[in-house]
Amino acid sequence: MLKKILIANRGEIAVRIVRACSEMGIRSVAIYTEPDRYALHVKRADESYSLGENPLEGYLDPVRLVNLAVETGCDAIHPGYGFLSENAKFARLCEQNGIIFIGPKASVIEKMGDKTAARDSMRKAGVPITPGSDGNLENIEEALTVAEEIGYPIMIKATSGGGGRGIRRCDTPAELKQQFPRVISEATKAFGSAEVFMEKCIVNPRHIEVQVLADSHGNVVHLYERDCSIQRRNQKLIEIAPSPQLTPEQRNYIGGLAVKATEAVGYENAGTVEFLLTGNQVYFMEMNTRIQVEHTITEQITGIDIVREQLRIAAGETLRYRQEDIHYRGFALQFRINAEDPKNDFLPSFGRITHYYAPGGPGVRVDTAIYTGYEIPPYFDSMCLKLVVWALDWEDAVDRGRRALDDMRLHGIKTTASYYQQILKHPDFRAGKFDTSFVAAHPELLTYSDKRHPTALALVLATAIAAHAGW
Ligand code: ADP
Ligand code: ADP
Ligand code: MG
């Protein structure tokens with residue numbers, strides 16, 4: 001088993017990885033830049049090292065991180081999500097320096113991290129992909145020709161994109177002419193690559209993704225699916241496992257496709273295969289070659305600790321489950337609580353958390369790195385907490401979500417929590433019927449009153465006064 005791991009990340013996912021290490025008796029090493037000096041992952045890890053003043057540079061410096069891992073006697077690096085997690089050069093540098101990269105081989109990241117290369121591999125493997133361009137688009141003329149062939153609406157997408165950015169829908173040639181250079185400039189700025197490609201736009205699909213685990217001995221299993229259709233501007237807000245809107249046949253079919261995709265590229269470790277579903281038609285969209293933000297809900301329904309499995313796989317162990325050993329129970333929902341103001345076009349709302357009271361009770365899990373008095377730095381993601389609930393059936397899980405959101409107290413910044421309450425009340429959501437157009441189709445859900453129930457407000461005030469008075 002691994003003995004010591006450097007966590008090349010920050011925030012809640014770094015804390016999540018520290019927790020797995022701690023349970024397995026593995027030493028953890030945290031890194032931080034100046035704005036994160038007082039961050040929870042730094043306090044919680046066994047050792048921590050400063051990477052200097054610049055907020056981002058240290059987290060994105062492959063050479064420095066691999067050197068630090070070697071110097072501190074680590075045998076592995078866990079990259080988390082975002083940052084260097086899908087950077088093949090980083091994975092290769094680890095391999096070259098005798099450090100285990102907790103993820104797939106660099107060559108596999110290359111194959112799947114590039115969305116057009118991934119489409120190619122999937123086509124060859126017989127996994128259905130959306131109609132689209134054959135590789136990247138050279139210029140607008142080529143884009144216009146391909147769009148005529150596949151038919152509007154189309155999507156222009158950044159080849160190395162992620163996090164929902166670098167994607168634009170175009171309904172007409174005029175829109176395509178306008179959006180094409182915009183996606184290129186967005187992709188260059190955000191991902192350092194000007195490459196873009198085209199896909200047919202699947203109108204109002206459901207986003208269904210499958211969690212997979214693959215060991216280094218050729219064994220692959222899936223841990224069923226997540227429904228991430230509740231999105232705003234292609235970014236996930238609420239995720240659900242399993243999808244309340246799949247038939248058992250669809251579930252088996254998609255799970256099988258994900259395993260086929262994983263096997264086809266010689267994948268190792270935990271990964272996610274993302275699909276779009278419309279009617280009975282399933283299309284491969286991309287593979288995320290890392291731990292995902294929403295791995296939590298799969299853990300809740302299957303009981304399998306995905307981060308611990310990642311560490312076991314990286315250590316060369318054989319998967320201890322065959323497909324028939326993996327079962328799921330109930331429903332889990334994850335709410336991404338973002339430091340954003342839903343009433344002000346989701347403008348980021350960074351600053352000091354003056355009061356935080358964690359929700360609890362049956363079926364509630366919180367993954368976060370915040371605490372009362374913590375100041376959310378403006379340099380990173382706005383996601384500050386993941387609230388996860390679980391219950392035996394769909395209606396109960398939704399009610400539990402409502403109750404847990406209500407339990408939570410998070411003051412000092414604006415968050416998306418109250419907006420999620422509105423989504424949970426909507427009859428279509430409660431009926432388990434929604435697709436990726438849900439958020440945009442219901443702008444009225446943003447016009448709620450911010451006032452809490454008077455007694456709840458009084459309680460908050462009393463608590464605040466008590467805290468102030470030092471009771
Ligand atoms: P998930 O796929 O796990 O649901 P998200 O798409 O929400 O995750 O991304 C998680 C984090 O990783 C976000 O901070 C996002 O900006 C970042 N991220 C994802 N993909 C990329 C990428 N290709 N390049 C840079 N950052 C990325
Ligand atoms: P990212 O790497 O940023 O996660 P994805 O390729 O996974 O990008 O797409 C993110 C989201 O954008 C999807 O969940 C979906 O809602 C939307 N999307 C992407 N491609 C298409 C498409 N061809 N048709 C319709 N929606 C799409
Ligand atoms: Mg995606």
Side-chain angles (χ1 to χ4, degrees), residues 9-13 16 56 59-60 79-88 90 109 112-116 118-119 128-133 150-171 183 186-187 189-193 195-211 226-239 270-278 281 283-298 306 334 336 338 367 379-384 386 434-440:
N9 217 297
R10 64 177 300 280
E12 70 82 20
I13 194 65
R16 170 72 187 85
L56 281 164
Y59 291 122
L60 293 167
Y81 55 70
F83 293 121
L84 296 171
S85 60
E86 293 183 272
N87 184 311
F90 183 49
I109 300 182
M112 295 314 256
D114 177 308
K115 292 189 186 186
T116 52
R119 282 166 59 83
I129 58 172
T130 41
S133 57
I150 63 178
Y152 289 90
I154 56 92
M155 297 286 221
I156 294 292
K157 297 175 68 169
T159 305
S160 5
R165 287 169 304 158
I167 302 175
R168 303 271 176 114
R169 171 178 166 156
C170 307
D171 287 57
V183 180
E186 204 173 312
K189 267 189 228 132
F191 313 112
S193 154
E195 290 174 341
V196 298
F197 69 107
M198 183 182 298
E199 275 181 9
K200 188 169 181 62
C201 175
I202 310 301
V203 179
N204 304 345
R206 282 166 281 161
H207 172 122
I208 304 288
E209 58 182 40
V210 179
Q211 176 72 55
R226 302 185 278 257
D227 189 324
C228 309
S229 304
I230 302 292
Q231 305 180 350
R232 174 176 176 272
R233 299 195 180 156
N234 307 318
Q235 293 174 344
K236 300 160 185 169
L237 297 179
I238 301 175
E239 296 110 332
T272 301
V273 189
E274 297 192 333
F275 298 95
L276 291 177
L277 176 68
T278 173
Q281 191 64 47
Y283 301 101
F284 167 86
M285 187 164 51
E286 66 159 343
M287 181 168 196
N288 288 144
T289 57
R290 54 171 167 86
I291 188 83
Q292 270 191 314
V293 175
E294 60 275 25
H295 72 278
T296 54
I297 50 177
T298 299
I306 297 171
Q334 173 177 276
R336 294 193 190 198
N338 298 334
D367 280 31
Y379 313 103
F380 312 106
D381 239 19
S382 60
M383 191 183 74
C384 63
K386 304 193 305 202
F434 42 82
D435 57 41
T436 59
S437 71
F438 182 89
V439 166

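Every number for a ligand or one of its atoms is a count from 1 in the order of the listing. Predicted model only: the values in this text are computed from it and were never measured.
Using a cut-off of 4.0 Å between Lys/Arg side-chain N and Asp/Glu carboxylate O, Lys236 and Glu274 are scored as salt-bridged.
Of the candidates Phe90, Tyr379, Phe83, Phe83 is the only one forming a ring-ring contact (aromatic ring centres under 6.0 Å, His included) with Tyr59.
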- Task: I would like to know whether Met383 and Glu12 meet side chain to side chain contact (heavy atoms under 4.5 Å, CB included); could you show each step before the answer?
- Result: CA-CA 9 Å; Met383 191 183 74; Glu12 70 82 20; 3.9 Å; yes
- Message: Please evaluate residues Asp171 and Tyr152 with respect to the criterion side chain to side chain contact (heavy atoms under 4.5 Å, CB included), reporting the C-alpha separation (whole Å), side-chain torsions for both, the decisive distance (0.1 Å), and the verdict.
- Response: CA-CA 5 Å; Asp171 287 57; Tyr152 289 90; 5.6 Å; no
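In this structure, Met155 CE and Phe197 CZ are separated by 10.0 Å, a value rounded to the nearest 0.5 Å.
Here the shortest heavy-atom pairing between Ala88 and Ile109 reads N-CG2, 4.0 Å.
By the 3.5 Å distance cut-off applied to N or O atoms, Ile202 is counted among the residues near ligand 2. In terms of N/O distances under 3.5 Å, ligand 2 is not approached by Thr436.
Note that Arg119 lies outside the cation-pi zone of Phe284, set by a 6.0 Å cut-off to the ring centre and a 45° limit from the axis.
Within 4.0 Å of ligand 1, counting heavy atoms only, the contacting residues are Tyr81, Gly82, Ser160, Gly161, Gly162, Gly163, Arg165, Phe191, Lys236, Asn288, Arg290, Gln292, Val293, Glu294, Arg336, Asp381.
With sequence neighbours left out, Arg336 forms a salt bridge (charged side-chain N to carboxylate O under 4.0 Å, His left out) with Glu239, Glu294. Every side chain to side chain contact (heavy atoms under 4.5 Å, CB included) that Glu186 has, sequence neighbours left out, goes to Arg165, Arg168.
Around the Mg ion (ligand 3), the protein contributes the following N, O or S atoms at distances under 2.8 Å: Glu274 OE1, Glu286 OE2.
Contact annotation: for Leu276 versus ligand 2, heavy atoms closer than 4.0 Å belong to the side chain alone.
For the ligand labelled ligand 2, residue Arg169 lies outside the 4.0 Å heavy-atom shell.
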